[in-house]
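Worksheet: one structure, shown below.
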Amino acid sequence: NAGVTQTPKFQVLKTGQSMTLQCAQDMNHEYMSWYRQDPGMGLRLIHYSVGAGITDQGEVPNGYNVSRSTTEDFPLRLLSAAPSQTSVYFCASSRKPGLAGEQFFGPGTRLTVL
Amino acid sequence: AQSVAQPEDQVNVAEGNPLTVKCTYSVSGNPYLFWYVQYPNRGLQFLLKYITGDNLVKGSYGFEAEFNKSQTSFHLKKPSALVSDSALYFCAVRDPNNTDKLIFGTGTRLQVFP
């Protein structure tokens, strides 16, 4: 299994540009989520999904959209990039909601917005 | 509000000495607690979790953690540190109002010196 994969690894955007961060998992996990990691702030939840067709907001959802058309994929869209969105983004998945199982993390995407 | 505190930004320890990385939590109800480790330029990796039962939890790479309900703590420990243990460590608690949503601490950088 490849586990959780993320593309791209690095991205530089100009303010106002849009882009999609890709996330895929091959473990048939129902739960997927996106976090951003900023120095001194730990990881903060952006959006999450408990299954295909179901998404919900985390604690910092503004400026981001998600969709979950398949179990495997959970892309994160930046609608109009801002310098405040410069961060490292992690996608994570876990087997089934409510089991308190461990989450598996992707390698991250480092995004810089100029 | 649910929260996790990691009071030390950095912990330094000599190789072969015991190490402790501190974590305290504030959550309503019974806590589900986790430790994750992040090596440079990598995603987070699960180390161990406490759900219920024995207060001493054993995890990967020789790490263990002690749950203390009266002190609302979940400190990470290892009897003998290795240089390869140097990494960023995150404590997390499951949000009791939202299954599988994790609330992370700000992280503690562990530096093990030869």
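Keep in mind it's a predicted model, so treat the numbers as computed, not measured.
Applying the disulfide bond (SG atoms under 2.5 Å apart) rule to pairs touching residues 34-68 of chain B yields nothing, sequence neighbours excluded. Listed by first then second residue, pairs satisfying disulfide bond (SG atoms under 2.5 Å apart) with a partner in residues 9-86 of chain B read C23(B)-C91(B), not counting sequence neighbours.
Take F90(A) and apply the ring-ring contact (aromatic ring centres under 6.0 Å, His included) test, not counting sequence neighbours, and it matches no residue.
Heavy atoms of R110(A) lying under 4.5 Å from chain B belong exclusively to its side chain. Within the 4.5 angstrom heavy-atom criterion, only side-chain atoms of Y35(A), from C-beta onward, approach chain B. The part of L88(B) that comes within reach of chain A is its side chain, from C-beta onward, which places non-hydrogen atoms under 4.5 angstrom from that chain. Using a 4.5 Å cut-off between heavy atoms, S33(A) does not touch chain B at all. Residue Q45(B) does not touch chain A at all, counting heavy-atom pairs closer than 4.5 Å. Both the backbone and the side chain of Q103(A) come within contact range of chain B, judged by heavy atoms closer than 4.5 Å.
The distance from the NZ atom of K22(B) to the CD atom of Q71(B) is 10.0 Å, given to the nearest 0.5 Å.
Looking only at atom types and distance, the side chain of E15(B) has no donor-acceptor partner in the side chain of N17(B) under 3.5 Å away. Using modelled atom types, one finds a donor on one side chain and an acceptor on the other under 3.5 Å when comparing Q6(B) with T108(B). Side chain to side chain, S67(A) and N65(A) fail the donor-acceptor criterion of an N or O pair below 3.5 Å.
The backbone N or O of A2(A) lies less than 3.5 Å from a partner atom in the side chain of D26(A), making a donor-acceptor pair.
For residues 74-82 of chain B, heavy-atom neighbours of chain A at less than 4.5 Å comprise no residues at all.
When all heavy atoms of T109(A) and P8(A) are compared, the closest pair comes out as OG1-O, 2.6 Å.
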